[in-house]
Amino acid sequence: MAETENRPTNFIRQIIDKDLASGLHQQVKTRFPPEPNGFLHIGHAKSICLNFGIAEDYQGTCNLRFDDTNPAKEDISFVNSIKEDVHWLGFEWSGEARYSSDYFDRLHGFAVELIEKGLAYVDFSTHDEMRALRGTLTEPGSNSPYRDTDVQTNLQEFAKMANGEYQEGQCSLRAKIDMASPFMCMRDPVIYRVKFAHHHQTKDKWCIYPMYDFTHCISDAIEGITHSLCTLEFQDNRRLYDWVIDNITIDAHPRQYEFSRLNLEYTVLSKRRLIQLVDEKHVSGWDDPRMPTIAGLRRRGYTPGAVREFCKRIGVTKMDNMVEMGMLEACIRDDLNVNAPRAMAVLEPVKVIIENLPEGSSETLTAPNHPNDESMGIREITFSREIWIEAEDFREQANKKFKRLVLGKEVRLRNAYVIKAERVDKDDAGNITTIYCTYDEQTLGKDPADGRKVKGVIHWVDANTAAPAQFRLYDRLFNVPNPAAQENFVNAINDASLIVKNGYAESSLAHATVDDGNWQFERTGYFCCDKDSSEGQLVFNQTVGLRDTWAKIENQ
RNA sequence: UGGGGUAUAGCCAAGUUGGUAAGGCAGCGGGUUUUGAUCCCGCCAUUCGUAGGUUCGAGUCCUGCUACCCCAGCCA
């Protein structure tokens with residue numbers, strides 16, 4: 001797609017420029033470190049584009065590292081989906097995928113080192129006791145009674161922890177830092193806890209697992225990461241990151257920099273809430289086309305290039321932000337406008353019979369696959385006595401603003417002839433069932449010879465050759481711009497976020513599959529084939545509609 | 001006065017030795033058009049949270065306020 005040319009500029013790249021210029025680093029190494037406890041979403045795409053994008057632009061490397069220190073929440077299915085999504089976005093990680101769990105042995109060794117230095121102790125306080133001693137945001141905490149346990153005892157107790165001799169919650173290993181620190185995370189943080197859980201990588205080898213703050217910085221150092229990029233909520237944690245690195249024996253000292261996470265209007269981007277949407281079946285799954293997940297966007301018809309372009313356009317700063325959905329939509333429209341071949345499909349059909357065409361007649365016409373790009377070629381479409389047009393494209397009467405088919409007036413059929421509506425049939429309820437028209441056989445590919453001006457153009461499909469198809473139209477998942485701010489965000493779910501229409505697609509789409517990419521159904525929007533589609537029953541997802549200034553005029 | 005952060009248009013965001021407010025999205029006008037699409041042209045911050053100060057000159061430096069976000073998981 002036509003991605004914007006220039007390299008992004010942001011405060012992180014400026015830091016890297018300085019570090020390279022000063023000789024602090026010869027090469028940059030970044031990492032994308034998801035916990036495999038859910039699917040990736042558009043917010044992760046921002047981080048992926050940042051980390052992998054920097055590696056590409058600076059000829060450095062970027063690792064994929066699963067931050068798998070909490071086996072209770074993780075699953076191998078998530079590591080697989082994460083790998084697939086990163087690849088789909090167009091990025092290649094350096095070497096094999098890494099796991100924090102690859103370093104469990106070394107992490108354990110560093111914990112022992114801290115104990116030996118008198119900088120860690122085994123605490124038998126309960127959760128409640130620990131919380132009570134932690135103090136508050138405005139009051140300092142106080143020391144645990146176990147804080148001054150001697151080194152030998154701590155070493156023994158930690159060994160017993162690892163040996164499975166203590167129950168979950170019975171004790172934990174804590175770093176001895178400062179119970180009066182203004183940084184809550186520095187008030188003797190737990191760095192190892194007991195957890196009898198089966199781990200997707202290390203199986204049942206361990207019953208103690210290191211905490212994030214202890215693991216992440218060391219993993220970065222082990223991998224030689226130069227710039228460890230994470231989101232704003234970890235700013236305080238940076239003090240602990242540095243404390244751990246400064247107090248163990250390790251060469252590297254990666255530097256952590258924080259940027260603001262993405263917020264997108266009318267959706268949620270927190271793992272917790274996305275999990276809830278899936279578990280409570282408010283959506284069909286992680287890849288529901290209404291989900292802001294990479295898998296959902298992919299099924300919806302978003303392209304990797306459009307997602308990357310979006311990440312480029314939103315930038316990277318430390319400012320809290322709430323990006324409008326229109327920004328994302330503009331990116332996919334820009335891509336598909338250039339790359340999606342055109343086709344015709346009628347979502348809500350009404351029958352048109354062209355009376356001055358003989359019964360059973362059929363003509364083969366050609367249509368360009370792209371109005372502004374001849375290289376995309378042409379295709380054949382059939383035209384016959386009975387066709388389908390969009391119900392909303394006909395009115396028995398209308399003012400001059402309505403540039404479509406009106407009783408007694410003319411309109412052009414896209415890629416075909418000018419027709420005139422003569423009369424209609426209605427059912428008992430007054431609904432129009434058939435529109436009878438005549439066509440002007442002199443108007444194929446040219447304006448009427450007598451100079452009549454025909455303003456409107458409508459799309460259509462041949463009733464004799466059209467393929468029945470279902471069209472799934474998606475709207476925002478939530479009714480409010482910031483559902484996460486609601487008391488209960490599921491109450492803000494938009495009931496009309498999925499609308500199903502049954503109509504027809506032109507015959508060239510009869511064998512469409514999920515691998516065929518996107519089309520623009522002219523005058524309607526961009527669509528792609530859904531995985532639910534089959535030869536006999538096509539199913540199309542609307543990726544995004546066309547910009548619709550007519551709708552704006554009508555709604556005012 | 002607990003600490004850590006952030007304030008530039010409706011939204012995102014450049015602006016880095018102080019020199020007279022990029023760009024994108026959205027919006028609004030106009031042109032082209034067999035998609036009310038695309039494309040093209042034009043408009044859209046005397047002003048940078050706010051009040052002062054320094055300076056010939058401040059979004060950029062100083063001081064005081066204000067608003068919002070994050071931190072009291074054996075989650076990440």
Side-chain angles (χ1 to χ4, degrees), chain A residues 4 6 9-11 14 33-35 37 67 69-70 72-73 123 125-127 130-131 134-141 168-174 180-187 189-195 208-209 211-213 215-216 230-239 258 260 265 271-272 312-331 333-334 337-338 342 344 367-368 370-372 401-404 412-416 418 443 445-447 454-459 520-525 545-554:
Chain A
T4 52
N6 301 327
T9 166
N10 58 53
F11 75 99
Q14 289 166 3
E35 180 186 19
N37 67 342
D67 217 340
T69 56
N70 187 356
K73 290 188 173 178
D123 195 331
S125 301
T126 64
H127 292 244
M130 212 180 275
R131 189 180 319 117
R134 188 148 35 223
T136 69
L137 294 178
T138 53
E139 298 160 15
E168 290 184 16
Q170 192 174 163
C171 58
S172 60
L173 183 69
R174 292 227 260 168
S181 172
F183 295 99
M184 296 303 290
C185 65
M186 297 296 270
R187 319 244 267 224
V190 170
I191 57 176
Y192 258 96
R193 79 286 216 188
V194 177
K195 208 171 268 262
I208 57 171
Y209 290 93
M211 298 288 287
Y212 164 84
D213 285 303
T215 307
H216 205 93
C230 63
T231 43
L232 250 28
E233 64 270 26
F234 293 100
Q235 288 175 116
D236 285 359
N237 300 248
R238 186 175 67 245
R239 278 72 186 184
E258 311 87 9
S260 57
E265 282 191 342
K271 212 79 107 24
R272 189 207 111 210
K312 191 175 290 183
R313 290 187 192 181
I314 58 174
V316 177
T317 69
K318 301 177 79 131
M319 285 188 257
D320 289 325
N321 61 79
M322 178 67 76
V323 177
E324 293 175 345
M325 203 50 101
M327 187 85 88
L328 218 205
E329 293 175 343
C331 293
R333 285 197 186 102
D334 283 355
N337 174 50
V338 172
R342 313 285 113 134
M344 292 197 286
H370 194 113
N372 311 318
K401 277 181 166 176
F402 187 77
K403 307 194 306 183
R404 309 182 190 187
R412 172 171 294 280
L413 294 177
R414 176 74 168 159
N415 299 130
V418 168
T443 54
K446 55 191 177 195
D447 289 332
V454 178
K455 277 241 278 291
V457 179
I458 63 172
H459 57 98
Q520 182 197 95
F521 292 163
E522 288 187 290
R523 299 212 316 130
T524 301
L546 257 29
R547 261 185 86 239
D548 190 353
T549 47
W550 165 248
K552 282 176 197 159
I553 294 167
E554 241 196 345

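Everything quoted here is computed from the prediction, not taken from an experiment. Note on naming: letters A, B, ... go to the chains in the order of the sequence lines (proteins, then strands), and numbering restarts at 1 for each one.
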Asks: Which nucleotide, if any, forms a Watson-Crick or G-U wobble pair with G52(B), using both distances under 3.5 Å?
Replies: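 WC or wobble partner is C62(B).
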Asks: Can you tell me how far P of C71(B) sits from CD of Glu258(A), to the nearest Å?
Replies: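 Those two atoms, CD and P, are 14 Å apart.
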Asks: Between Cys185(A) and Asp236(A), what is the shortest heavy-atom contact and its length?
Replies: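 Nearest pair, atom of Cys185(A) first, then Asp236(A): SG-O, 3.5 Å.
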Asks: In whole angstrom, what separates Arg193(A)'s CZ from C74(B)'s P?
Replies: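 These atoms are roughly 9 Å apart.
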Asks: At 4.0 Å (heavy atoms only), tell me whether Arg414(A) reaches a base, stays on the sugar-phosphate, or touches nothing.
Replies: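 The answer is base, as Arg414(A) lies within the cut-off (heavy atoms under 4.0 Å) of a base atom.
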Asks: How long is the line joining CG of Asn70(A) and P of A76(B), in whole Å?
Replies: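 Value for this atom pair: 5 Å.
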Asks: Say you pick atom P in G18(B) and the same atom in C11(B); how far apart are they, in whole Å?
Replies: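 Here G18(B) and C11(B) have their P atoms 30 Å from each other.
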Asks: Is His459(A) stacked against the base of U35(B), taking the criterion as centroid distance under 5.5 angstrom and interplanar angle under 30°?
Replies: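 Per 5.5 Å and 30° rule: no stacking.
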Asks: Atom CG of Asp548(A) to atom P of U38(B): distance rounded to whole Å?
Replies: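 From Asp548(A) CG to U38(B) P: 10 Å.
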Asks: Would you say G3(B) has OP1 or OP2 under 4.0 Å from some side-chain N or O of Ser181(A)?
Replies: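 Answer no for this pair, as no side-chain N or O of Ser181(A) is under 4.0 Å from OP1 or OP2.
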Asks: Taking C-beta and beyond as the side chain, do Val190(A) and Met130(A) meet within less than 4.5 Å on heavy atoms?
Replies: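 The answer is yes; the side chains approach within 4.5 Å.
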Asks: Over all strands shown, is Glu265(A) touching base, sugar-phosphate only, or nothing at heavy-atom distances under 4.0 angstrom?
Replies: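 Nothing, no nucleic acid heavy atom in range.
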Asks: Quick check on G57(B): syn or anti? Syn means the glycosidic torsion is within 90 degrees of zero.
Replies: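 With its glycosidic angle more than 90° from zero, G57(B) counts as anti.
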Asks: With nearest nucleotides of RNA chain B determined for Pro33(A) and Thr443(A) from heavy-atom distances, which residue corresponds to the more 5′ nucleotide?
Replies: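 Comparing both residues, the 5'-ward one is Thr443(A).
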Asks: Can you tell me how far P in C68(B) sits from the matching atom in G31(B), rounded to whole Å?
Replies: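 Between the two P atoms, the distance is 47 Å.
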Asks: Is there a side-chain contact between Lys455(A) and the phosphate of G36(B), meaning an N or O under 4.0 Å from OP1 or OP2?
Replies: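 So the side-chain polar atoms of Lys455(A) never come under 4.0 Å of the phosphate oxygens OP1 or OP2 of G36(B).
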Asks: Please list, pair by pair, any protein nitrogen or oxygen found under 3.5 Å from a nitrogen or oxygen in nucleotides 24-30 of chain B.
Replies:
from: G27(B); atom 1: OP1; to: Lys552(A); atom 2: NZ; distance (Å): 2.3

Asks: As a test of reading the structure: which of G36(B), A76(B), C71(B) is closest to the side chain of Met211(A), going by heavy atoms?
Replies: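 Ranking G36(B), A76(B), C71(B) by closest atom to the Met211(A) side chain puts A76(B) first.
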Asks: In whole angstrom, give me the gap between the P atoms of C62(B) and U54(B).
Replies: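 Per the computed distance, 15 Å lies between those P atoms.
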Asks: Check whether any side-chain heavy atom of Lys318(A) lies under 4.5 Å from a side-chain heavy atom of Gln235(A), and answer yes or no.
Replies: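 Side chain of Lys318(A) against side chain of Gln235(A), heavy atoms only: contact under 4.5 Å found.
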Asks: Looking at G73(B), U35(B), G2(B), which one has an atom nearest to any side-chain atom of Thr138(A)?
Replies: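 Minimum distance to the Thr138(A) side chain belongs to G2(B).
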Asks: Flag the pair Gln520(A) / Leu546(A) as yes when at least one side-chain heavy-atom distance between them is below 4.5 Å, and no otherwise.
Replies: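 Heavy-atom side-chain distance check passes, below 4.5 Å.
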Asks: Select one nucleotide: of U34(B), C70(B), A37(B), the one nearest the side-chain heavy atoms of Asp236(A).
Replies: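 The answer is C70(B).
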Asks: Take the protein atom NZ of Lys318(A) and the nucleotide atom P of C12(B), then report the distance between them rounded to whole Å.
Replies: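 So the two atoms are 18 Å apart, to the nearest Å.
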Asks: Taking only side-chain N and O atoms of Arg134(A), does any of them lie within less than 4.0 angstrom of OP1 or OP2 on G73(B)?
Replies: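 True: Arg134(A) side-chain N/O within range (under 4.0 Å) of G73(B) OP1/OP2.
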Asks: Nearest-nucleotide wise, let me know which of Arg238(A) and Lys403(A) is further upstream toward the 5' end of RNA chain B.
Replies: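 Of the two residues, Arg238(A) wins.
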Asks: Expressed in angstrom and rounded to an integer, what is the separation of Arg342(A) atom CZ from C39(B) atom C1'?
Replies: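 Spelled out: CZ on Arg342(A) to C1' on C39(B) is 12 Å.
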Asks: Would you measure the distance from the C1' atom in G64(B) across to the matching atom in C44(B) and give it in whole Å?
Replies: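 One C1' to the other, the span is 35 Å.
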Asks: Answer yes or no: is there a side-chain heavy-atom contact under 4.5 Å between Leu413(A) and Ile458(A)?
Replies: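 Result yes, sub-4.5 Å side-chain heavy-atom pair found.
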Asks: With a 4.5 Å limit on heavy-atom distance, are the side chains of His459(A) and Arg342(A) in contact?
Replies: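 No; the side chains remain at least 4.5 Å from each other.
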Asks: Has Trp550(A) got its ring stacked on the base of G36(B), with centres under 5.5 Å and planes less than 30° apart?
Replies: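 Stack criterion met.
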Asks: Quick one: is Thr317(A) getting a side-chain N or O under 4.0 Å of the A13(B) phosphate, OP1 or OP2?
Replies: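 It does, given that an N or O in the side chain of Thr317(A) lies less than 4.0 Å from OP1 or OP2 of A13(B).
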Asks: Using a cut-off of 4.0 Å on non-hydrogen atoms, how would the nucleic acid contact of Ser260(A) be classed: base, sugar-phosphate, or nothing?
Replies: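 Result for Ser260(A) = nothing.
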Asks: For U6(B), which nucleotide is its Watson-Crick or G-U wobble mate, given both distances must be under 3.5 Å?
Replies: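 Pair assignment: U6(B) / A67(B).
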Asks: What integer number of Å spans the C1' atoms of C48(B) and U6(B)?
Replies: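 Per the computed distance, 15 Å lies between those C1' atoms.
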Asks: Hey, are the side chains of Arg239(A) and Asp213(A) touching, using non-hydrogen atoms and a 4.5 Å cut-off?
Replies: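 In short, these two side chains do not touch, never coming nearer than 4.5 Å.
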Asks: Nearest-Å distance, CD (Glu233(A)) to C1' (G73(B))?
Replies: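 Rounded to the whole Å, the gap is 14 Å.
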Asks: Any idea which of G3(B), G73(B), G36(B) is nearest the Arg131(A) side chain?
Replies: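 Nearest to the side chain of Arg131(A) among the choices is G73(B).
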Asks: What's the gap between A51(B) and A67(B) when it is taken at their C1' atoms, as a whole Å value?
Replies: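 Each nucleotide's C1' atom is 15 Å from the other's.
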Asks: Just by modelled atom types, is the Thr317(A) backbone N or O under 3.5 Å from a matching donor or acceptor in the Ser260(A) side chain?
Replies: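 It does hold such a pair.
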Asks: If the threshold is 4.0 Å, N to carboxylate O, is there a salt bridge linking Lys73(A) and Glu35(A)?
Replies: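 Salt bridge flag = no for Glu35(A) with Lys73(A).
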Asks: Using the side-chain heavy atoms of Thr9(A), tell me which of these nucleotides is nearest: G15(B), A72(B), G5(B).
Replies: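 Closest nucleotide to the Thr9(A) side chain: G15(B).
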Asks: With respect to the side chain of Asn321(A), which nucleotide from A13(B), G73(B), U34(B) is positioned closest?
Replies: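 Taking heavy atoms from C-beta onward, the closest nucleotide is A13(B).
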Asks: Could you measure between the two C1' atoms, the one in A9(B) and the one in C28(B), and give it in whole Å?
Replies: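 The answer is 15 Å between these two C1' atoms.
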Asks: Can you tell me the pairing partner of A72(B) across any strand shown, Watson-Crick or G-U wobble, with both distances under 3.5 angstrom?
Replies: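 When the pairing criteria are applied, nothing turns out to pair with A72(B), so the answer is none.
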Asks: Is any side-chain heavy atom of Asn37(A) closer than 4.5 Å to a side-chain heavy atom of Arg272(A)?
Replies: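 Asn37(A) does not reach Arg272(A) side chain to side chain.
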Asks: Could you check which nucleotide pairs with C44(B) in any of the strands shown, counting Watson-Crick or G-U wobble with both distances under 3.5 Å?
Replies: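 Partner of C44(B): none found under 3.5 Å.
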Asks: Quote, to the nearest angstrom, the C1' distance that separates U66(B) from A72(B).
Replies: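 Between the two C1' atoms, the distance is 26 Å.
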Asks: For a quick check of understanding: with a heavy-atom distance under 4.0 Å over all strands, which category does Phe402(A) fall into, base, sugar-phosphate or nothing?
Replies: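 The residue Phe402(A) makes base contact.
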Asks: Is any side-chain heavy atom of Met319(A) less than 4.5 Å from a side-chain heavy atom of Asn321(A)?
Replies: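 Counting from C-beta outward, Met319(A) and Asn321(A) never come under 4.5 Å.
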Asks: Asn372(A) side chain: which of G36(B), A14(B), U38(B) is closest?
Replies: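 Comparing G36(B), A14(B), U38(B) against the side chain of Asn372(A), the answer is U38(B).
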Asks: Once you round it to whole Å, what is the distance between C1' of G36(B) and CZ of Arg412(A)?
Replies: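 Interatomic distance, CZ of Arg412(A) to C1' of G36(B): 16 Å.
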Asks: Under 3.5 Å for both donor-acceptor distances, Watson-Crick or wobble: does U1(B) have a partner, and if so which one?
Replies: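 Pairing partner, where one exists within any strand: none, as none qualifies.
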Asks: Would one find a side-chain N or O of Arg523(A) under 4.0 angstrom from OP1 or OP2 of U38(B)?
Replies: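 No, outside the criterion.
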